[in-house]
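The structure is given below, and queries will be raised subsequently.
Side chains are part of it too, since the values below use all heavy atoms of this structure and drop only hydrogens, waters and symmetry mates.
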Amino acid sequence: MNINFGLNLVQEQKLIMTQEMQMSVKLLQMSAYELGQFVNKEMQENPVLEEKDIQNNKSNTNDTNDYKEFIKYLDKDDYKVKNYGAKNDNEEVSPFYYIAEEKSLKDYLKEQIGELTESSEIINICRYMAENLDAKGYLSADLSDICKELKISSEKAETALEIFQSLDPEGIGARNLRECLKIQLYNQGIDDDNIYKIIDEYLEQLAENKYNDIAKELKIKVSDAQQYGDIIKKLEPKPSRGFYTGETVKYIVPDAYINRINGEYFISMNEDVLPKLNINSLYKDIIKNEKDEEAVEYVKDKLNSAMFLIKSIEQRKNTVYRVLEDILLVQKEYFDIGEEHLKPMTLKKIANDLEMHESTISRAIREKYVSINNGKVIKIKNFFTNGITSVAGGEDISTTNIKKMIREMIDKEDQKKPLSDQIICNRLNVEGMNISRRTVAKYREELEIKSSSKRKRF
């Protein structure tokens, strides 16, 4: 074996993203709500940033000139600092201000437990059970473990469990899915042995809509088996659903508004998304005082970060505006007439129009919404859709409209003889669309519509 050591010089191109570039990309792909949260956090951590006071705007005119001096001093005169206006005292207060604290499932159960007239021991056992629920609302601890932990008899544990499972929401405290479903049926007063037997022995077949097999095993009509299935499928498998779980609620905040005025469309960016950013004038004296070099360097660093943040926010706004402007040109018929006139439009098409990279367009539309003239809030991503080529050589048809046609066909079908994917494919081809059965199946699954065999009603 020959081992040689050598020094080779290799030339290669490599893109290294600076912290500023990473910050710009990060801000671009944030939703309006996420950006608002981020800016509020930055204001807390960067003392140079502050929220501008509109009422004192006139008196701060001279300070603006000082900021220009700051920028020259730091050789950052290429930054464009924009002051965003803030809400004044006369403006409408956000309704979110009055939203009360979310009530958790445990809090809701403890309120009910506190109203029980049982013995204090049973009440304490119920409270312990409330603390041992999993994310679905099932009791995660075994009764035997509860007995050992609380040093109680199995009879008292069973009694407490029966009381606990009678609380709202229905199915709470179940040990598994089957018990959860049966608790709900019992509370509804249903005592048919067949439906309980389906839950106990044929739940897997029910999930696959194998009603023929279930009917044969129970010696009942297929239509009766399907009716039992309908009842079971309306039950709640997760009793905790709808309760606060501790996760942050992400509100939908539009980044922009598209309004039609006198036949023309106008795009206006939502200026109320963020607090109005300004540079704190108190730090100008520190900059001018060159005696404390450490303090000056600290303020220079924070001022640089603050101005870059303001610049990045402005760039983000301009990018989103340009994307919406081009979308408006392509999808004008959608805004004029309606959703059925949505045209095929890809990221590549908008990227080419704006001379940007596709990844930039992708980030610019990520989790962003626009409010159109009738007040409807739409995800910007929904304007982008691929198309199917028309057989007649006309305009391409967007996949959104094809999916809409598939849903309409299925909504109008005879449920005793549901349409197969091939029949739907044939009908679409008659309408002039060049589409395959496999594509129809793909779109149907994306619409979360079951296959024809599972849609059949007996």
Side-chain angles (χ1 to χ4, degrees), residues 17-89 91 93-94 96-97 248 250-251 253 255-256 269-290 292-321 363-364 367-368:
M17 291 190 71
T18 63
Q19 287 186 340
E20 287 79 9
M21 291 173 66
Q22 291 176 19
M23 172 67 74
S24 182
V25 168
K26 182 179 178 181
L27 292 180
L28 180 60
Q29 65 185 11
M30 285 183 182
S31 67
Y33 179 78
E34 290 170 339
L35 182 60
Q37 297 290 95
F38 178 81
V39 170
N40 284 327
K41 182 173 178 289
E42 285 294 307
M43 288 179 65
Q44 293 173 5
E45 296 178 354
N46 190 341
V48 173
L49 279 171
E50 67 176 3
E51 186 170 357
K52 187 176 181 183
D53 186 356
I54 294 297
Q55 293 178 345
N56 296 327
N57 190 34
K58 292 182 179 179
S59 63
N60 288 337
T61 304
N62 293 330
D63 291 339
T64 305
N65 295 327
D66 288 328
Y67 304 149
K68 291 178 181 177
E69 291 179 12
F70 286 1
I71 296 170
K72 289 179 182 178
Y73 180 82
L74 296 170
D75 293 325
K76 298 292 182 182
D77 55 333
D78 59 321
Y79 281 159
K80 179 182 177 183
V81 180
K82 181 177 178 66
N83 294 325
Y84 294 84
K87 285 183 177 294
N88 57 41
D89 294 337
E91 287 187 90
V93 178
S94 170
F96 293 126
Y97 180 82
T248 303
K250 292 187 178 180
Y251 301 110
V253 181
D255 270 85
M269 302 304 293
N270 185 359
E271 299 289 354
D272 296 330
V273 171
L274 305 174
K276 312 305 189 187
L277 295 181
N278 202 10
I279 306 298
N280 193 323
S281 60
L282 296 176
Y283 289 89
K284 64 182 179 181
D285 294 330
I286 299 177
I287 286 287
K288 292 177 180 178
N289 181 12
E290 298 184 6
D292 190 347
E293 293 183 3
E294 188 175 343
V296 170
E297 286 301 317
Y298 174 81
V299 174
K300 284 171 64 177
D301 180 63
K302 291 298 181 183
L303 183 58
N304 186 42
S305 297
M307 288 189 295
F308 186 80
L309 174 63
I310 294 172
K311 180 187 176 184
S312 296
I313 291 172
E314 185 68 16
Q315 286 179 335
R316 174 190 182 276
K317 188 174 76 170
N318 290 338
T319 302
V320 174
Y321 183 90
R363 291 187 181 100
E367 292 300 318
K368 293 180 182 64

Specify the closest pair of heavy atoms between V320 and M269, including all atoms of both residues, with the distance to one decimal.
CG1-CE, 3.9 Å
Who are the side chain to side chain contact (heavy atoms under 4.5 Å, CB included) partners of A364, not counting sequence neighbours?
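With sequence neighbours excluded, A364 shows a side chain to side chain contact (heavy atoms under 4.5 Å, CB included) to L28, T319, V323, given in chain and number order.
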Whether the side chain of N40 engages the backbone of G36 through a donor-acceptor N/O pair (distance < 3.5 Å, no angle test) should be reported.
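Side chain of N40 to backbone of G36, a donor-acceptor pair under 3.5 Å: yes, one is there.
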What closest approach, in Å, do A32 and R316 show between heavy atoms, and which atom pair accounts for it?
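Between these two residues, the closest heavy atoms are N-NH2, 3.8 Å.
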Exam field: side chain K317 to backbone N270, donor-acceptor pair closer than 3.5 Å:
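Looks like no, no N/O pair under 3.5 Å.
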With Y298, which residues qualify under side chain to side chain contact (heavy atoms under 4.5 Å, CB included), at least two apart?
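If we apply the side chain to side chain contact (heavy atoms under 4.5 Å, CB included) test to Y298, skipping adjacent residues, the hits are P47, K302.
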Distance in Å, E367 CD paired with D255 CG, rounded so as to fall on 0.5 Å steps:
11.0 Å
Can K311 and E314 be counted as an ion pair, charged N to O under 4.0 angstrom?
no
To the nearest 0.5 Å, what is the distance between CG on L27 and CZ on R363?
12.0 Å
Output for pair (S312 OG, K26 NZ), nearest 0.5 Å, gives 11.5 Å
Nearest-0.5 Å distance that lies between atom CE in M43 and atom CG in L274
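Atom-to-atom, M43:CE and L274:CG are 10.0 Å apart.
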Atom CZ in F38, atom CD1 in I313: separation rounded to 0.5 Å?
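If I round to the nearest 0.5 Å, the distance is 8.0 Å.
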